[in-house]
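Written below as structure tokens is the structure these notes are about.
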Amino acid sequence: MPIIAKKHAEDYKDSRLYRVRHSSAHLMAEAVQALFPGTRLAFGPPIEDGFYYDFDTPRKFSEEDLSAIEEKMRELSKKAAQFVCEPISKADALKLFSDLGEKLKAEHVETLPDGAITLYRDGDFVDLCAGPHVDNTGELKHFKLMHVSGAYWRGDEKREQLQRIYGTAWESKDELKAYLTRIEEAKKRDHRSLGKELSLFEFPELAGPGLPFYLPKGAIILQELKNWMWQLHMDGSYGHPDKVYDPLSTPHILKTDAWHTSGHLKNYRDNMFMVYSLDEFESGMLGHHKPAAQGHGHSHAHHTGCADPGPVAPLADGSIISSAGVTAGDSSGEAGPAGRNAGAGAGNGAAVADENEGIGNYGLKPMNCPGHVMLYKVGTKSYRDLPARLFEFGTVYRYERAGVLHGMLRVRSFTQDDAHLFVTPEQYPAEIEGVFDFCCHVLDTFGFDYHVALKTRNPEKSIGSDEVWAMAEDGLRKVLEKRCPGKYYVEEGDAAFYGPKIDFIIKDSLGRSWQGSTIQLDFNLPERFEAEYTGSDGDKHRPVMLHRAILGSFERFFGLLIEEFGGAFPLWLAPEQVRILPITDLQLPYAQQLAQQMAHMRYNTNNGVVRVCVDDSSEKLGKKIREGKTQKVPYLIVVGAAEAEQGTITVESYHEGKLSDITTLDQLAHRLRDEIHHKVARRKA
RNA sequence: GCCGACGUAGCUCAGGGGUAGAGCAGCUGAUUCGUAAUCAGCUGGUCGGCGGUUCAAAUCCGCCCGUCGGCUCCA
């Protein structure tokens, strides 16, 4: 199972390479201060493949500046100044950096314990630093400044905006060169350029940023993925041998009240698109701003006040609304009219109205869970019905900030292979294991490398009690300890607002991390929506809910697939699987006849047919081969006079070149069926 | 959202105050060819949008939109 084990950060930190990069950061800072006096320093750590340094300066570093800085670094390196470590008291350090005008360094000193503070000097340059470094700056030769970007002091967007310069540094010239070549190669696998070159998808500017459109070839791949996932869910062969999933399909918009009940309106607000009809808008039926009643203010009061699902809030008109949006006494489960009417009605001004003020009467769904809980609640459920596994290819919409969109990997509209599993408290450990195995099976089908992370509660942004969270986190941790002990990461505070999760993380060609599969354990939404089942004791109980997506989203997974395979998809996904190349027009009829035969071949029980085309352009064979290879068509069939006469074919494979052992359509069909059936995932050597 | 860069034909890009360029793609014609680009002709652009400066703006300035690299956020 190619789960990438937790990297031993310690190994890297102890390496000479790490010191080279750390020292390079110092050298760069020295060069920057030499060239641009008055530039103040922030942090400058080594990172994967290099280092950066953050500078506090009104100057905007340009590309030309980078060359000048690099030049200066080389000049300084020639002096081979010794790196000298110098312990310093907190008071002296504070004075030193204050005198130097290094405001941020001084601020950082404040956070350090006295007695453990050191400076590092090289030549005239001094920096607050724990080290270690290389012996002298003369050892720093193989570096290159890569790019400049913005950054915030301490990563806080409310603090100083800094200028960050990224560099790379290596121990040898060859390693540097190899790294730069690797970056160039990786750029060729960028799914955004391949998406264009292979006509897979488009982001029409008129439609809006982050809204992906699938072109025919992309749509074929999307549908193949959907067919596969449908099959895996319906035949129950992975993870849950006892019982299959039940498919659902739910609307894309839900009443604002539903999002109030689920807590999204509080905790997921920044990412939601709200909608309304023009009729409602023009007739003033939207929630209006009212002065907050009973001390119900904005923001902070909300955060704390409404993080708790339990309590009820009195309305001004005397009725009671639970924070689940249901009028007390009404246990029908229908979200009450509170959200909509409270704002428009006379005299209301309580929590719900305030929260809905001026926003649409409907919300475009950013998640599928509320819809799924609503369907779980249709009819009554007994313990015999559990686990209930409800799944949907659910399309969701999230308002992502403009700067974070990234091709197919971060979009505003995407479809999740989403499911919500309703289980008893006894069932959830085994259930999580089943899902975990399902995720591994899917990722392993493509041979992805991935790592696994447990993401725990963020107290600032979550609903539910401490006990319930502790229980949920413990449940997930136990599964990880069983399935991949010592190999998983723990990321504190990165949970969903309703529960902790296990995420599967895949890297793109340039090494950026993206969350794919996710398994989330949730004791809170069943409570909020009052989902229940009848136990063997005849009493009502609360089910536990698992949110999970295996691919994550089709869009992101598609993007990652493109990068993983450099656009040369496994045969079963390839939009054009076979292209027939007649050498001259005389073989065109034969080529078309072959295409006809192939197009009717079933390659699996799912009625799939081979996707085949004929290149009928009046080009020479060399050009046709080139076109076929450029479009990464897995198999090219060449037919000339000899083949037409003997009824044979000559086959060229994208990965393996000419296949001399295949001379007939039957032989090729056999190979294709096998390759498709086993979902063979070849990579270019 | 923030910092910076960029936006010229379907694609990749050159040009940089004085009549808009190339290659590929597309179309037409010729060629009928054996493993990564056959030849010729033609078509194609309000130079992302709006405003400003100027006798004159693709070019300079401002705002907006979009993209790219990061930051912050985040599945």
Side-chain angles (χ1 to χ4, degrees), chain A residues 47 52 54-55 57-63 65-66 146-166 187 190 192-193 196-197 199 202-210 268 270-271 366-367 396 398-407 409-412 414 416 418 455 458 461 491 494-497 501 503-505 510 512-518 520 547 549 551-553 555-557 581-588 617-631 636-643 650-654 657-658:
Chain A
I47 52 173
Y52 67 78
D54 285 344
F55 301 101
T57 169
R59 184 184 180 86
K60 312 296 183 193
F61 294 122
S62 65
E63 295 297 317
D65 289 341
L66 290 196
M146 303 299 284
H147 52 264
V148 58
S149 90
Y152 301 106
W153 171 239
R154 293 189 180 286
D156 183 345
E157 63 183 344
K158 293 181 190 69
R159 294 293 310 264
E160 289 84 344
Q161 173 82 52
L162 309 171
Q163 298 271 310
R164 173 174 298 179
I165 300 177
Y166 283 92
K187 282 181 184 161
D190 188 314
R192 292 164 300 186
S193 23
K196 255 196 206 333
E197 286 164 29
S199 307
E202 200 56 59
F203 289 88
E205 197 170 320
L206 182 60
Y268 211 70
D270 296 345
N271 288 290
M367 295 187 194
V396 296
R398 299 182 184 177
Y399 175 74
E400 301 285 0
R401 296 210 284 180
V404 308
L405 299 173
H406 186 96
L409 301 182
R410 185 99 178 248
V411 291
R412 285 179 173 166
F414 55 98
Q416 299 178 303
D418 205 3
K455 300 191 173 176
N458 175 356
K461 232 180 172 183
E491 292 174 22
D494 278 345
F497 73 83
K501 55 186 188 165
D503 280 347
F504 288 66
I505 291 131
L510 279 169
R512 309 175 189 99
S513 294
W514 301 95
Q515 180 203 310
S517 321
T518 183
Q520 312 175 351
H547 307 235
L551 299 178
S553 79
E555 284 70 14
R556 177 172 290 176
F557 198 82
L581 318 180
I583 289 177
T584 78
D585 287 353
L586 294 175
Q587 289 85 47
L588 201 48
S617 63
S618 78
E619 297 289 349
K620 302 210 283 194
L621 181 60
K623 177 67 177 289
K624 293 184 181 183
I625 296 270
R626 181 186 154 80
E627 280 298 303
K629 295 274 188 181
T630 307
Q631 286 294 304
L636 303 176
I637 297 180
V638 177
V639 290
E643 286 85 355
T650 297
V651 181
E652 170 78 16
S653 143
Y654 181 80
K658 190 168 172 178

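Proteins get letters first, then strands, A, B, ... in listed order; numbering begins at 1 in each.
- Counting distance only, with no hydrogens placed and no angle test, the side-chain atoms of A/Tyr152 and the base atoms of B/G70 include no donor-acceptor pair under 3.5 Å.
- A salt bridge links A/Lys501 with A/Asp503: the distance from a Lys NZ or Arg NE/NH1/NH2 to an Asp or Glu carboxylate oxygen falls below 4.0 Å.
- A/Arg398 has its side chain within reach of A/Phe414: a pair of non-hydrogen atoms, C-beta onward, lies under 4.5 Å apart.
- In terms of position along RNA chain B, the nucleotide closest to A/Ile625 lies nearer the 5' end than the nucleotide closest to the other residue of the pair A/Ile625 and A/His406.
- Of the candidate nucleotides B/C73, B/U35, B/C33, B/U35 has the atom lying nearest to any side-chain atom of A/Glu652.
- Counting only distance, with no hydrogens or angles, the side chain of A/Gln163 and the backbone of A/Gly150 share no donor-acceptor pair below 3.5 Å.
- Here A/Glu619 lies in heavy-atom contact (under 4.0 Å) with a base.
- Nucleotides B/G21 and B/U43 place their P atoms 13 Å apart, quoted to the nearest Å.
- Residue contacts for A/Ala402: at a heavy-atom cut-off of 4.0 Å it reaches a base atom on one of the strands shown.
- In this structure the side chain of A/Gln631 never reaches within 4.5 angstrom of the side chain of A/Glu197, judged on heavy atoms.
- Rounding to the nearest 0.5 Å gives a distance of 5.0 Å between CD of A/Gln515 and NZ of A/Lys455.
- Residue A/Lys60 places its side chain closer to B/C3 than to any other of B/U31, B/C3, B/A36.
- At a threshold of 4.0 angstrom between heavy atoms, the contacts of A/Ser618 include nucleobase atoms, whether or not backbone atoms are also involved.
- A/Glu643 comes within 4.0 angstrom of a base, heavy atoms only.
- Protein atom CD1 of A/Ile47 is 9 Å distant from nucleotide atom P of B/C71, rounded to whole Å.
- Both A/Glu157 and A/Gly622 sit near RNA chain B, but only A/Gly622 has its closest nucleotide nearer the 5' end.
- Side chain of A/Pro209, nearest nucleotide from B/G66, B/G34, B/U72: B/G66.
- With a cut-off of 3.5 Å on both pairing distances, the Watson-Crick or G-U wobble partner of B/G62 is B/C50.
- Comparing B/A9 with B/C47, their C1' atoms are spaced 10 Å from each other, to the whole Å.
- Rounded to whole Å, atom P of B/C74 lies 14 Å from atom CH2 of A/Trp514.
- Side-chain proximity of A/Tyr166 to B/A30, B/G69, B/C71: nearest is B/C71.
- Applying the 3.5 Å distance criterion, the base of B/C71 shares no donor-acceptor pair with the side chain of A/Arg154.
- Annotation: B/U67 and B/G48 have their C1' atoms spaced 11 Å apart (nearest Å).
- At the heavy-atom level, A/Ala642 lies under 4.0 Å from base atoms of the strands shown.
- One can place NZ of A/Lys623 at 18 Å from P of B/U32, the figure rounded to the nearest angstrom.
- Look at CZ on A/Arg59: it is 12 Å from P on B/A5, rounded to the nearest Å.
- Across all strands, A/Gly155 comes closer than 4.0 Å only to sugar-phosphate atoms, never to a base (heavy-atom distances).
- Between B/U12, B/U35, B/G69, one nucleotide has an atom nearer to the side chain of A/Lys196 than all others, and that is B/U12.
- When the C1' atom is used for both B/G66 and B/C39, the distance is 40 Å, rounded to whole Å.
- At the heavy-atom level, A/Arg164 lies under 4.0 Å from the strands shown only through sugar-phosphate atoms.
- The side chain of A/Glu205 sits closest to B/G66 out of B/G66, B/G34, B/C74.
- Checking B/G4, B/C71, B/C73 against every side-chain atom of A/Arg401, the shortest atom distance belongs to B/C73.
- Nucleotide B/A14 is matched to nothing when pairs are restricted to Watson-Crick or G-U wobble geometry with both distances under 3.5 angstrom.
- Remark: P of B/A30 and CG of A/Asp585 are 12 Å apart, rounded to the nearest angstrom.
- Between B/A57 and B/G17, the distance separating the two P atoms is 14 Å to the nearest Å.
- A/Lys620 comes within contact range of at least one nucleobase, with a heavy-atom separation under 4.0 Å.
- Heavy atoms of A/Leu66 sit nowhere under 4.0 angstrom from any nucleic acid atom.
- Comparing the P positions of B/G18 and B/G26 gives an interatomic distance of 35 Å, to the nearest angstrom.
- Here the side chain of A/Val638 is nearest to one of B/G70, B/C71, B/G34, namely B/G34.
- For the P atoms, the distance linking B/C64 with B/G1 amounts to 10 Å, nearest Å.
- Backbone-only contact: A/Lys501 has heavy atoms under 4.0 Å from sugar-phosphate atoms and none from a base.
- With 3.5 Å as the limit, one finds a donor-acceptor pair spanning the side chains of A/Thr650 and A/Glu643.
- In this pair, A/Phe61 and A/Phe55 present their aromatic rings perpendicular. The plane angle is above 60°, beyond the 30 to 60° band.
- A distance of about 39 Å separates the C1' atoms of B/G16 and B/C73, rounded to the whole Å.
- You'll find the side chain of A/Trp514 reaches within 4.5 Å of the side chain of A/Arg410, heavy atoms only.
- For A/Arg192, whose side chain is taken as the heavy atoms from C-beta onward, the closest listed nucleotide among B/G69, B/U35, B/G66 is B/G69.
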